[in-house]
Every structure is written in structure tokens, then in C-alpha cells.
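Lettering follows sequence order; numbering is per chain, from 1.
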Number of protein chains: 2
Amino acid sequence: MKITKAQSQANRAHIVETAATLFRERGYDGVGVAELMAAAGLTHGGFYKHFGSKADLMAEAAACGLASTAQRAVGANRDAFLDHYLSREHRDARGTGCTMAALSGDAARQPDAVRARFAEGIEQMLAQRTDGDGAPGQSDRAAVLDTLAHLVGALVLSRACPDDSPLADEILEACRARLRDPR
Amino acid sequence: MKITKAQSQANRAHIVETAATLFRERGYDGVGVAELMAAAGLTHGGFYKHFGSKADLMAEAAACGLASTAQRAVGANRDAFLDHYLSREHRDARGTGCTMAALSGDAARQPDAVRARFAEGIEQMLAQRTDGDGAPGQSDRAAVLDTLAHLVGALVLSRACPDDSPLADEILEACRARLRDPR
DNA sequence: ATTATCTATAGATCTATAGATAATGC
DNA sequence: ATTATCTATAGATCTATAGATAATGC
């Protein structure tokens, strides 16, 4: 049953990616190690050869999810990004959507190791949206942080409403209108 | 060991209030029924004479927490409210602070019964901030929802950062500056 | 020989229920 | 007699570990 070193590394990466999705869908407490490993096509016991604890995986999965979230913002047109971020499709796809919107609330109750990854993820977003963006005053750190918080809050509040609630859509639309035309 | 009907009602209310605090501090999955009852000064088994299930209590505790959150916004001066909401004190007091910021992420994964209470809580906030507020255009539904999402996002992101992280404070300050002087 | 994975399980949770107890409220 | 609370426990989780297995990599 032993496999190559390369395969083991691939298995490890696959566990992290599977976790990044499942945690976003169901929260850190909503997914057990056994179920997670089964979803990755492996068995429960093998987990602890790859990670010291579930908390260690939470930190790695956060880094993985946040990096792919930040990657999606690279070079994106601002208005197009806002439209996508505040779309019903994004709101209804928690497992593949923004990691900050899906897990910031959970992360706040986790050890600093997990929270440090969230801070790094926010810094990655800042690095991408503050340099070479042209319009001065629009791309300083404060402006990017402000917009990021605004977006995350809109998605989080919209998701807290019942399915098919008119209010859930109203929240997205209110923030979209405001962010596209701030004046 | 039996008590009066009035005492039983008081016990029930006390369970709901205790839950509203503990859930905000540790999340819905982070507090068990036995621990919650012990915190309320009662024993585990008595819980099910008051509530059909833990999920039923989550819905009641959400309504309780959201009502007290909305109550705090009644008649408040806008700038003073923003300053308090985005203060470090509020960020670091999850158990007594805004229910939406503390539990929206968790609520999104709960049954519609819980999410319906969140939608009602948002409507309560709308009812309070859209009528008789004077300045036209500042107090329509869209403007209130936009500000609410902005505030919730700022607190949620700030809490996801490590303790004593400069970034956590920077997020609050960026949103405070923007919300106090939107132009 | 090493080690990635597997099976099996220990020990500690968790929600919910059953049955006993004892004071209220008819 | 009713019922709010209690003790005790059933049954199902959960994280983590122990020991067996078998193919890689020296």
C-alpha cells in the first residue's frame, strides 16, 4: 500500500484543497477529519502523517483558500470584480467563493496561527490592489481595506438571510450601487 | 425541586440570554447544551422541557441578541454610533457586541428558522434608521443596508486578524474614516 | 530499513431521552 | 395530578494514537 514520495506530496496537497472547500462550505467545526479524508479519497488514520493536528490543517487550508481568492483579483477590472463579488452566483457558491466571507467569522475563534494566515491573505490583497492602479487616492491601503470590508460584509449579511429572501438580494444590490458610484 | 410557573419562565428567559452571549463568544457549534445549562445555573436534562432542540434555542437566542443589538441603535447619533461600532472595545467584546458581526457567518450554515431571525433583525434595524431621520437620501433602505454591511464587514475582518495585529486596527480606522466622511 | 497508508480503537465529547423526585396548583 | 428539574445513560459523534501492512528507496 506504500506510494511514491511524489504521490504522497500530491495526496497532501489534495487534502489541503479538499479542506479549503469543505471548510468554506460547512465551517471548521462542521467537517471532521474522517469525513474530510474520505472526501479526499483516503482513510482517517493517514491524516496524522501529514499534519500534526486538525488546527494545523485549518491554517494551511486558510492560506490555500486565501491565496486562490487573492489570485482571482489580480489585474481584474474594478467594476467587473465588484459585480462578480456581489452576484447571487458568488453568494450561493460558498465552497469555491471568497474565503474571507466564508470563514472570517469562524477564524476569529481559532488560534493565532489560523488568524495570522487571514492577515497575510488581506496583505496579499493589499499588495495587488494598491500598486500600479493609476488613480491616486483610490488605491491607497485605507481605500482597499475599506472596500474589502464593505464587500465581505455584504456577502456575509446576505448569506445570513433565508434562501430566496428578497432582503438577501437587496443587500447585495444596495452595496453594489454604492460601491460602483461612491458619490 | 419543583418551582413556580413564574420562576420557570424566568429560567427559560435566562437560558436564552445566556445562550445569546455564549453563542456570540464561541459560535453555535462551540457551546454544548450541558455547558450552556451549567452556565445558566441549571442541569443538562431540564433543557428539553423548555426547547424542542438546540436548533430551536439558536433561533430564539438569535432573536434575543438581534433585538438588543437593534435596541442599541435607537435614536443614536450617527457619528457616535459609528465610533462605538468600530471601536477596539466593541471588537474585543464579542459576547455582548453586535450579533450580526459575531454570528452571521455561523447563521449562514443553519436552518432557515435561524436565518429568518437574522432577516427580521436586519428589518428591525431598517425600521429604526429609515424613518424620521431628517436628511433625505441618507436614510432610505439602500443607504442603511449599505452602511450596515460596511460596519459588519469591518468588524468581522478585524476580528479575523491575530490579537494585537496592527492590521486589525487599520481596518477599523479605514472604515471609520470613510463612513464618517463618505465624500 | 523506512514510511505512507490502512484498520481498529481509546477516550472524550455531543444531542436527546428515560425515569425519579418533589413542590406547585387544581 | 401535574410538571420543572434532576440524575443517569443511550447512541452517535469527534480527535488522536497504536500497530499492521506493503511498496519505495537506500
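- Spacing between atom CZ of F47(A) and atom P of dT15(D) amounts to 9 Å, rounded to whole angstrom units.
- No hydrogens or angles considered: nothing links the side chains of Q110(A) and D106(A) as a donor-acceptor pair under 3.5 Å.
- One interatomic measurement links the two molecules: NZ of K5(B) to P of dC26(C), which rounds to 6 Å at whole-angstrom precision.
- Look at CG on L36(A): it is 16 Å from C1' on dT13(D), rounded to the nearest Å.
- Each of A55(B) and K49(B) was assigned the nucleotide of DNA chain C with the nearest heavy atom; the assignment lying further toward the 5' end belongs to A55(B).
- Judged by Watson-Crick or G-U wobble contacts below 3.5 Å, the nucleotide dA4(D) has dT21(C) as its partner.
- Taking the charged nitrogens against the carboxylate oxygens, R115(A) and E120(A) have no contact shorter than 4.0 Å, which rules out a salt bridge.
- The residue G45(A) sits close to a base: some heavy atom pair falls under 4.0 Å.
- Contact detail for L86(A) and C175(A): the closest heavy-atom pair is CD1-C, 4.0 Å.
- At the heavy-atom level, H50(B) lies under 4.0 Å from the strands shown only through sugar-phosphate atoms.
- To the nearest angstrom, C1' of dT7(D) lies 14 Å from CG of L42(B).
- Between N11(B) and dA4(D), a side-chain N or O to OP1/OP2 separation shorter than 4.0 Å is absent.
- Looking at R141(B) and T130(B), their side chains never bring a donor and an acceptor atom within 3.5 Å of each other.
- Take the nearest nucleotide of DNA chain D for A34(A) and for T43(B): the residue whose nucleotide is more 5' is T43(B).
- Summarising the geometry, the separation between CZ on F51(B) and C1' on dT15(C) is reported as 15 Å, rounded to the nearest angstrom.
- Regarding M58(A), its CE atom lies at a distance of 12 Å from the C1' atom of dT15(D), rounded to whole Å.
- Among the protein residues, S8(A) comes within range of the sugar-phosphate backbone only, with heavy atoms under 4.0 Å from sugar or phosphate atoms but none that close to a base.
- L57(B) places its CG atom 15 Å from the P atom of dC14(C), with the value rounded to the nearest Å.
- Across all strands, K54(A) comes closer than 4.0 Å only to sugar-phosphate atoms, never to a base (heavy-atom distances).
- Considering only side-chain N and O atoms, Y48(B) lies under 4.0 angstrom from the phosphate OP1 or OP2 of dA16(C).
- Nucleotide dT15(D) forms a pair with dA10(C), judged by Watson-Crick or G-U wobble geometry with both contacts under 3.5 Å.
- For the pair T4(B) and D29(B), nearest-nucleotide mapping onto DNA chain C gives the more 5' position to D29(B).
- Rounded to whole Å, atom C1' of dA23(C) lies 10 Å from atom CD1 of I3(B).
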Could you walk me through whether R159(A) and D92(A) pass the salt bridge (Lys or Arg N to Asp or Glu O under 4.0 Å) check? CA-CA 8 Å; R159(A) 283 173 174 165; D92(A) 297 336; over 6 Å; no
